[in-house]
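What follows is a set of notes on a single structure, which appears directly below.
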Protein chains: 2
Amino acid sequence: MTKYTTSRILVSTMNSKLSKRTKLLDQGVYLLMNQGYHATGINEIVNAVQVPKGSFYSYFDSKEEFAAQAITHYMEPFIQLLTRHLQHSQVDPLSALKNYYAELIVAVEKNGYKGGCLLGNLMGEIGDTSERCNQALKSAIERYKALQYKALLQAQKEGTVRTDRSAEIMANLLVNNWQGALLRMKIEQSVQPLQEFCDTLLNDYFVAKSNLD
Amino acid sequence: MTKYTTSRILVSTMNSKLSKRTKLLDQGVYLLMNQGYHATGINEIVNAVQVPKGSFYSYFDSKEEFAAQAITHYMEPFIQLLTRHLQHSQVDPLSALKNYYAELIVAVEKNGYKGGCLLGNLMGEIGDTSERCNQALKSAIERYKALQYKALLQAQKEGTVRTDRSAEIMANLLVNNWQGALLRMKIEQSVQPLQEFCDTLLNDYFVAKSNLD
DNA sequence: AACATCAAGACGACCGGTCAACTATTAGCT
DNA sequence: AGCTAATAGTTGACCGGTCGTCTTGATGTT
């Protein structure tokens, strides 16, 4: 019984520390996305989740390392959402991509066009000045692209996506151009740039000729 | 002769003030592009061009107003370069656009892929938090797009660009997606994203069917 | 008691903007 | 024309913060 009690306390401590760390990352993602890296101070992050300032460094080595991990943390829900769409057994890969982007468009509109995407924002702000974050951004984008690449490859096999352009290039176009459209959305306060992007690539350019209307 | 001398001094003073202001803007563009808005302090700007710090506020009302004007200042050479290409009497509008982007690609590669584009960077960093800069960004992008829209419209009339997609949407795609490609270029340290963008839109998607190989 | 972990506040640096003191220019007077 | 007072422009020190990181005393664990 002593052993069982010790084990429960140990698990509880670990979970509490993970929970605090997760809260910091959640809050970091939120603030970094809405304010940017340099305009977001550590005090604001820790105060928002009731973590003492001095404790920050027991979770993260530095602000830069924190941001790098916030980047990875930010991507998780997107990777999960896209994976779910792609694993939908009744939907072909191209339609799954379309559904995925359509769902994102609804979400950003609901969010009042604010923030856009953490990846694009930080690429612009600290892509040149933080090697660590640059690395995290690159990895995040690469993971995102790889999922879309696989989907396009499968769609090519199924005959719904053109084969005269490589799936690699098409996945790059999706990932890169989505970022540009999100930036424009932010200043125009409109999802029109996103819709134009989807129409152009997913409903037209990528579609195999035999599948076009 | 007294009148002539007074007139020369007056002109010289005006030119000196304009020259200092221009130097501040040039330096501001450079630093904002390489470091971002919040990581660039006013001291760094004024020190770089030997202007006393207190004088900064006789040129610009605030840091925010300065950045807004740096945005407009930054766009001038691009507008001029694009205009020159489009006014080239021996080149059709679509080829002029291609030549313009090809020239930019050479320039960013020569610059070591650094900075990217001030517009995209600041949209991501302060597009949500500075209304004044958001306005300047919007105007700058709109000006840039308008030039490209006119070129595409003319190209449609000449039969080199497809007509089943509006020139408006195509100009938007150019402007938005170029920003996304530049962000990716920054983290990948490669012009490949830019080249893929140009190949896709200018050499394929935009081209009238009868002009495709 | 000895050791490990936590965290409040100190550290040295930086921030944008203000303003008193100073300098330059203009207006008014003789 | 020359001088003085009034006005306009310039600017470096200052203001009241903020910043990320580190130190050291407090607290927790064994």
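Throughout, protein chains are lettered first and strands after them, A, B, ... in sequence-line order, and every chain is numbered starting at 1. Quantities reported herein were computed from a predicted structural model and do not represent experimental measurements.
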Round to a whole Å and report the spacing from [atom1] of [X] to [atom2] of [N].
{"X": "A/F66", "N": "D/dC19", "atom1": "CZ", "atom2": "P", "answer": "14 Å"}
{"X": "B/L24", "N": "D/dT11", "atom1": "CG", "atom2": "C1'", "answer": "14 Å"}
{"X": "B/Y57", "N": "C/dC19", "atom1": "OH", "atom2": "P", "answer": "13 Å"}
{"X": "A/N43", "N": "D/dG20", "atom1": "CG", "atom2": "P", "answer": "8 Å"}
{"X": "A/I45", "N": "D/dG20", "atom1": "CD1", "atom2": "P", "answer": "8 Å"}
{"X": "B/D61", "N": "C/dT18", "atom1": "CG", "atom2": "C1'", "answer": "14 Å"}
{"X": "A/K20", "N": "C/dC6", "atom1": "NZ", "atom2": "C1'", "answer": "10 Å"}
{"X": "A/N47", "N": "C/dG9", "atom1": "CG", "atom2": "C1'", "answer": "14 Å"}

For nucleotides 12-16 of chain D, tabulate all protein N/O to nucleotide N/O atom pairs closer than 3.5 Å, reporting atom names and distance.
residue	atom	partner	partner atom	Å
D/dG12	N7	B/G54	N	3.4

Checklist entry - When we call it a touch if two heavy atoms are under 4.0 Å apart, what does B/F56 touch: a base, just sugar-phosphate, or nothing? => result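 Contact class for B/F56: none.
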Next on the checklist: How bent is the helix from C/dA1-D/dT30 to C/dT30-D/dA1, measuring the angle between the end axes built from five pairs each, rounded to 10°?
Outcome noted: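 For the helix from C/dA1-D/dT30 to C/dT30-D/dA1, the axes at either end differ by 20°.
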Next on the checklist: Is the phosphate of D/dT10 approached by B/S58 (side-chain N or O, under 4.0 Å from OP1 or OP2)?
Outcome noted: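 So the side chain of B/S58 is within the cut-off, an N or O lying under 4.0 Å from OP1 or OP2 of D/dT10.
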Checklist entry - Is the NZ or CZ atom of B/R162 positioned over B/Y205's six-membered ring, under 6.0 angstrom from the centre and within 45° of the axis? => result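 Yes, a cation-pi geometry holds between B/R162 and B/Y205.
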Cut-off 3.5 Å, side chains only: do [X] and [Y] have a donor facing an acceptor?
{"X": "A/Q135", "Y": "A/R132", "result": "yes"}
{"X": "A/N99", "Y": "A/H88", "result": "no"}
{"X": "B/Q69", "Y": "B/E65", "result": "yes"}

Next on the checklist: For a side chain to side chain contact (heavy atoms under 4.5 Å, CB included) check, start with the C-alpha distance between A/N176 and A/N172, then their side-chain angles and the critical distance, and finish with the verdict.
Outcome noted: CA-CA 6 Å; A/N176 299 347; A/N172 274 329; 4.2 Å; yes
Checklist entry - Of all the choices, D/dC19, D/dC22, C/dG17, which nucleotide is nearest to the side chain of B/K63 once you look at every atom? => result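 My answer, after comparing the listed nucleotides, is C/dG17.
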Item to check | Pairs flagged by salt bridge (Lys or Arg N to Asp or Glu O under 4.0 Å) wherever residues 54-64 of chain B is involved - sequence neighbours left out | outcome: none
Next on the checklist: Once salt bridge (Lys or Arg N to Asp or Glu O under 4.0 Å) is applied, what residue pairs with a partner in residues 169-186 of chain A remain, sequence neighbours excluded?
Outcome noted: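 Qualifying pairs: A/R184-A/E188, A/R184-B/E142, A/K186-B/D128.
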Kindly list each side-chain donor-acceptor pair under 3.5 angstrom involving residues 190-199 of chain B, sequence neighbours excluded, with atom names and distances?
residue	atom	partner	partner atom	Å
B/S190	OG	B/Q192	N	3.0
B/Q192	NE2	B/E196	OE2	2.7
B/D199	OD1	B/N203	ND2	3.1

For residues 147-155 of chain B, tabulate all N or O donor-acceptor pairs below 3.5 Å that involve a side-chain atom, not counting sequence neighbours.
residue	atom	partner	partner atom	Å
B/Q148	OE1	B/Y101	OH	2.5
B/Q148	NE2	B/Y144	O	3.4
B/Q154	NE2	B/E158	OE2	3.0

